[in-house]
Amino acid sequence: MNHTHKKSFYPALYLGFLFTGISALTACSNNQPQQQAGPGQMAVPVTLTEVTEEIVTGYRQYPANVIPLRETELRAEVSGYITGILVADGATVSAGQKLYEVDQVRYLAALDQAKASLSIAKATKERVERDLARYEALAAQDAIARQVLDNARTELLTAEAQLIGAQAALTTAQTNLDRSVIRAPFAGSIGISQVRTGALVSAGATLLNTISSTSPIAVEFQVSEGDLKELLDLKRNAAAKADSAISLELGGGELYPFTGQITTLDRAINRNTGTLTVRATFDNPEGRLRAGMSAVLRIRQRSAEKQLVIPYKAVTEQLGQTSVYVLGDSSRVEQRVIRLGLKSGDKTVVTQGLSLGEQVVTEGMINIRHGALVQPGSGAKE
């Protein structure tokens with residue numbers, strides 16, 4: 001009986017598996033067309049927004065770098081040993097303040113020698129002038145040889161030249177002594193000293209330190225040719241544009257408390273980058289801005305006429321180009337390159353590429369491509 005039961009069991013089990021497999025294949029076959037339907041065959045749900053016109057107040061933003069209006073390297077102007085460092089590293093200094101001293105012994109000695117040489121030259125000239133006066137009186141009486149008078153006149157010329165040389169030597173000696181004390185050429189902030197007391201320095205070669213002006217301070221940024229006209233207008237009419245302001249955003253989104261002013265535009269557009277260097281200046285009484293800092297310069301502007309605007313989230317950026325998806329005929333979208341203008345809050349001005357009343361995709365963009373069939377409504381959230 002056990003043997004007979006096993007023979008009837010296996011065929012039944014086999015038929016059960018076969019029936020289950022056929023049912024599964026049938027179900028897959030019925031669902032297959034839905035899984036293979038692509039974006040070109042199925043409408044993708046998206047949210048559309050119409051291009052509108054507005055008077056826009058917003059900001060243009062530019063990456064910028066802080067630079068000093070005046071900066072210079074302090075180098076030794078005479079050779080010798082550093083005998084005094086009279087300022088702390090990183091200190092704020094005033095114009096003319098003493099910063100370094102070079103050993104003055106040799107320069108004091110040279111000055112004394114130059115003074116002595118000048119005194120001798122003056123005395124020699126005075127003696128020759130007296131001799132010449134006597135010789136001229138005797139020559140008038142024909143009581144002296146003509147050669148003696150000529151020699152006296154030549155000797156006076158030599159004495160005058162020696163006096164000029166002695167005066168020049170004195171000036172040089174005094175200058176070298178003065179240059180043995182290095183002073184701040186202008187008010188500003190000094191860096192970390194590159195030498196220490198006792199170091200041997202060479203005239204014109206040894207770098208002692210660097211000094212930079214601190215207030216006002218400059219911020220440089222690059223603009224395209226398209227922005228040039230607006231910046232020129234802003235520079236010319238800075239006082240009249242009450243609704244335009246230049247501000248600075250520091251790291252972490254911190255807004256610098258002082259506004260700036262466009263002061264300088266470079267003479268030419270860079271041929272390699274197609275941009276122009278522009279400089280704005282800011283008051284910096286507390287030294288908050290430091291040379292070399294990175295920041296974002298913001299120019300607040302109000303458009304004179306209505307501008308085309310769209311939500312900024314409709315814009316996609318790729319390889320330096322900005323584009324949007326525009327609803328076209330037969331509910332299909334076109335990816336179109338546009339040019340952006342002023343940014344205002346969550347909106348942006350479009351200066352090229354769109355027309356009033358066109359509709360752009362603002363949600364669901366991740367699921368579409370150029371030419372995709374879309375279904376206006378509530379698109380998938382990005």
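Computed over heavy atoms, backbone and side chain alike; hydrogens, waters and symmetry mates excluded.
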State, with a plain yes or no, whether a side-chain heavy atom of [X] is found less than 4.5 Å away from one of [Y].
X: V361; Y: V324; result: no
X: L170; Y: K115; result: yes
X: V56; Y: K347; result: no
X: L132; Y: L149; result: yes
X: V128; Y: T158; result: no
X: I144; Y: R134; result: no
X: N176; Y: R106; result: no
X: E334; Y: E358; result: no

Got more than 12 heavy atoms from elsewhere within 6.0 Å of [atom1], [X]?
X: D142; atom1: CG; result: no
X: R267; atom1: CZ; result: no
X: Q113; atom1: CD; result: no
X: I192; atom1: CD1; result: no

Which residue in the set R153, Q147, E155 passes side chain to side chain donor-acceptor pair (under 3.5 Å) when paired with N151?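 So, applying the side chain to side chain donor-acceptor pair (under 3.5 Å) to N151 and each of R153, Q147, E155, only Q147 qualifies.
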For V278 and F221, what are the C-alpha separation, side-chain angles and deciding distance, and is it a side chain to side chain contact (heavy atoms under 4.5 Å, CB included)? CA-CA 5 Å; V278 181; F221 57 103; 3.5 Å; yes
Look only at the side chain of [X] and the backbone of [Y], and say whether a donor-acceptor pair between them is shorter than 3.5 Å.
X: D89; Y: S193; answer: yes
X: T316; Y: S323; answer: yes
X: S94; Y: A187; answer: no
X: S215; Y: N284; answer: yes
X: T206; Y: V201; answer: no
X: R298; Y: E249; answer: no
X: T322; Y: E317; answer: no
X: N209; Y: G191; answer: yes
X: Q307; Y: E305; answer: yes

Are [Y] and [X] connected in a single hydrophobic cluster, I mean Ile/Leu/Val/Met/Phe/Trp/Tyr linked by side-chain heavy atoms less than 4.5 Å apart?
X: L340; Y: L308; result: yes
X: Y59; Y: V223; result: no
X: L111; Y: Y107; result: yes
X: L99; Y: I82; result: yes
X: I299; Y: V309; result: no

Got a second to check how far [X]'s [atom1] is from [Y]'s [atom2], nearest 0.5 Å?
X: R300; Y: L342; atom1: CZ; atom2: CG; value: 11.0 Å
X: R369; Y: N367; atom1: CZ; atom2: CG; value: 8.5 Å
X: M365; Y: Q335; atom1: CE; atom2: CD; value: 10.5 Å
X: S79; Y: D103; atom1: OG; atom2: CG; value: 11.5 Å
X: I182; Y: I211; atom1: CD1; atom2: CD1; value: 12.5 Å
X: R336; Y: Q352; atom1: CZ; atom2: CD; value: 11.5 Å

How would you list, by chain and number, every residue that makes a side-chain hydrogen bond (donor to acceptor under 3.5 Å, both in side chains) with R75, sequence neighbours excluded?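 Once residues adjacent in sequence are excluded, the partners of R75 under the side-chain hydrogen bond (donor to acceptor under 3.5 Å, both in side chains) criterion are E73.
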Mind telling me whether F282 and Y256 have parallel, tilted or perpendicular rings, with 30° and 60° as the class edges?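 Ring orientation, 0 to 90° scale: perpendicular.
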Please give me the minimum heavy-atom distance between [X] and [Y], naming the atom from each residue.
X: G198; Y: Y81; result: O-CD2, 3.3 Å
X: A95; Y: P185; result: CB-O, 4.5 Å
X: P216; Y: D283; result: CB-OD1, 4.3 Å

Verdict with supporting geometry, S212 and S189, side chain to side chain donor-acceptor pair (under 3.5 Å): CA-CA 5 Å; S212 304; S189 177; over 6 Å; no
Among T362, V349, V350, find the residue that satisfies the side chain to side chain contact (heavy atoms under 4.5 Å, CB included) test when tested with I310.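 Exactly one option meets the side chain to side chain contact (heavy atoms under 4.5 Å, CB included) with I310, and it is V350.
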Between E71 and S213, do the side chains contain an N or O donor and an N or O acceptor separated by less than 3.5 Å?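 No, because no side-chain N or O of E71 sits under 3.5 Å from a partner of the opposite role on S213.
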Steps toward side chain to side chain contact (heavy atoms under 4.5 Å, CB included) verdict (L177, L108): CA-CA 7 Å; L177 179 61; L108 285 169; 3.6 Å; yes
Residue pair Q359, T49: steps toward the side chain to side chain donor-acceptor pair (under 3.5 Å) verdict: CA-CA 5 Å; Q359 292 183 306; T49 300; over 6 Å; no
If the threshold is 4.0 Å, N to carboxylate O, is there a salt bridge linking K122 and E126?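 Judged by the 4.0 Å cut-off on N to carboxylate O distance, K122 and E126 do not form a salt bridge.
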Starting from the C-alpha separation in whole Å, work towards a yes-or-no answer on side chain to side chain contact (heavy atoms under 4.5 Å, CB included) for R279 and I67. CA-CA 9 Å; R279 178 180 294 174; I67 64 166; 3.6 Å; yes
Applying side chain to side chain contact (heavy atoms under 4.5 Å, CB included), run through L250 and R288 and close with a yes or a no. CA-CA 10 Å; L250 306 179; R288 176 69 179 84; 3.6 Å; yes
